[in-house]
Protein chains: 2
Amino acid sequence: MARTDQTQAAVLGALSVLPMTGYALRQEIRDTLGHFWSESFGQIYPALAELERRGLVERRGGDRTGSSTFAITAAGTARLRELLAEPAQPAPPRNPLLLRLFFGRQLGPDACRALVLDARSRAEEQLARMAAVRREPADDPASTADRPYWLLTVSAGEHAARAQLAWADEALAALDELRSDDGADRPPSSRPTPEEHP
Amino acid sequence: MARTDQTQAAVLGALSVLPMTGYALRQEIRDTLGHFWSESFGQIYPALAELERRGLVERRGGDRTGSSTFAITAAGTARLRELLAEPAQPAPPRNPLLLRLFFGRQLGPDACRALVLDARSRAEEQLARMAAVRREPADDPASTADRPYWLLTVSAGEHAARAQLAWADEALAALDELRSDDGADRPPSSRPTPEEHP
DNA sequence: CCTTTTGCTATCTGGCAGATACATCTATCA
DNA sequence: TGATAGATGTATCTGCCAGATAGCAAAAGG
């Protein structure tokens, strides 16, 4: 899965749990895989069409406009295992928050503080979401076999969120330090304007 | 910066530290911003052309083939501040490792273990890279003012890597548990084949 | 009966990564 | 000198993908 067919794997995986319409697929992916995966309609519908064409997925219900449910086929399950077995290539990183902080001197400590505080509250929200998922009972007997694996991803989300919180507090302290250093030089309201090199 | 112009911000930011050629830009972004950002040539060159067209960047040296160095202009610095000030929209998550673990029952505990071990070693490498960056002396006097901000991103990388390590160890233990549970039911070499729902 | 809302399907634009191609400039050995 | 290789440097093309947009149908509600 060299950075391609990722959508197909996610769609097949979701359908391996339960047959769904394209719309429900999107809801399910957003709600259940939301903390580590996302898909857009622009990806899901072409993927479903392609999967149907290749016999990996079967369309139930009206094939004309209206709700039609898709179910995974035996060939689809085999294909899913194939896709999951391919090495997990980490996507090239792109963290807009860290980009801003890296060039933070252009913004000044106060604006950076606001950015970090924002990230901090997002991490707290994620931690709360993970706790809510943990509290959900494993009522569906079909999902009990999957649950231990799901909990692995929940745990990953928790570790990441807690790390983000710890980092944010550390960063806030460091930014306060910077701010008071600046304050010794010039009035605190003025934004630092670094020199050019033309 | 609603998920657009991200490349321009990164390019302007890099040029705000030092004038460079497109090639050096790519090297610098890979080496210095590598743990939280990436750019490809296919983005950098069009971005430079567009920035030059808008007068935010200035081409020094031969404008025909060969090395031409780009420097940020005053307007470019202003534009950089503008871009950095826009809210940091987190990109939609896409974690191929967690996708595989979520549907891990299709793979079996052993394959999942291998995936987690791989991620663990990548986290260890990142931790070592961050330690190396910290050891680098702040010899360049022009960069001393930027350094506290850079260290914020290094710290973020360290926290994330350590969290990944802790999670990996926890996950490995959980997967071992799963493996021994399975072993009670069926021979350990057979892959679990979950039921379909056709 | 009309209007709004929600469920659902689909398309289009543009950002972006990765592969590829090619040209120039060293450097090292023949 | 010449040749080969490797680093430097510029550029384009393909295809994945997110997000915006738009068109319907059925239900709800007035």
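Please read these numbers as outputs of a predicted model, since none were measured by experiment. Each chain gets a letter, A, B and so on, in the order its sequence line appears, and its residues count up from 1.
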OP1 or OP2 of [N] less than 4.0 angstrom from a side-chain nitrogen or oxygen of [X], does that happen here?
X	N	answer
A:R94	C:dG15	no
B:T7	C:dC16	yes
A:S68	C:dT9	yes

**Request:** Give one of base, sugar-phosphate or nothing for A:R26, where a contact means two heavy atoms less than 4.0 Å apart.
**Result:**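 Contact class for A:R26: none.
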
Between [atom2] of [N] and [atom1] of [X], the distance in whole Å:
X	N	atom1	atom2	value
A:Q8	D:dC16	CD	P	9 Å
A:I29	D:dG19	CD1	P	14 Å
B:F70	D:dA11	CZ	C1'	12 Å
B:E50	C:dG14	CD	P	13 Å
B:M20	D:dT8	CE	P	15 Å
A:D31	C:dG7	CG	P	12 Å
B:Y23	C:dC25	OH	C1'	12 Å
A:L25	C:dC8	CG	C1'	13 Å

**Modelled atom types, side-chain donor and acceptor of B:Q126 and B:R162, under 3.5 Å** =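 The criterion, which ignores hydrogens and geometry beyond distance, is not satisfied for B:R162 and B:Q126.
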
**Distance-only donor-acceptor check, side chains A:T7 and B:R94, under 3.5 Å** =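 Their side chains do contain a donor-acceptor pair, which is all the 3.5 Å distance test asks for.
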
**Message:** Check this for me, if you would: do A:D176 and A:R179 make a salt bridge, where the nitrogen-to-carboxylate-oxygen distance has to be below 4.0 angstrom?
**Reply:**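 A salt bridge links A:D176 with A:R179.
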
**Request:** May I ask you to say whether B:R53 pairs ionically with B:E50, meaning some side-chain N is under 4.0 Å from a carboxylate O?
**Result:**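 Here B:R53 pairs with B:E50 in a salt bridge, since their nearest N and O are under 4.0 Å apart.
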
**Message:** With heavy-atom distances below 4.5 Å as the criterion, would you say the side chains of B:R60 and B:F70 are in contact?
**Reply:**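 A side-chain contact is absent here, since even the closest heavy-atom pair is not under 4.5 Å.
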
**Item:** Given C:dC16, C:dT9, D:dT8, the nucleotide with the shortest approach to the side chain of B:Q27
**Value:**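 For the B:Q27 side chain, the nearest candidate turns out to be D:dT8.
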
**Message:** Listing request: all salt bridge (Lys or Arg N to Asp or Glu O under 4.0 Å) pairs with a residue in residues 6-19 of chain A, at least two apart in sequence or in separate chains.
**Reply:**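 Salt bridge (Lys or Arg N to Asp or Glu O under 4.0 Å) check on residues 6-19 of chain A returns no pairs.
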
**Request:** If the plane angle is over 60° it's perpendicular, under 30° parallel, otherwise tilted; pick one for B:F102 and A:W150.
**Result:**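 B:F102 and A:W150: parallel rings.
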
**Request:** Scan residues 34-46 of chain B against DNA chain D and write down, sorted by residue number, each residue with any heavy atom closer than 4.0 Å; if none is found, say none.
**Result:**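 Going residue by residue through residues 34-46 of chain B, the ones with a heavy atom under 4.0 Å of DNA chain D turn out to be B:F41, B:G42, B:Y45.
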
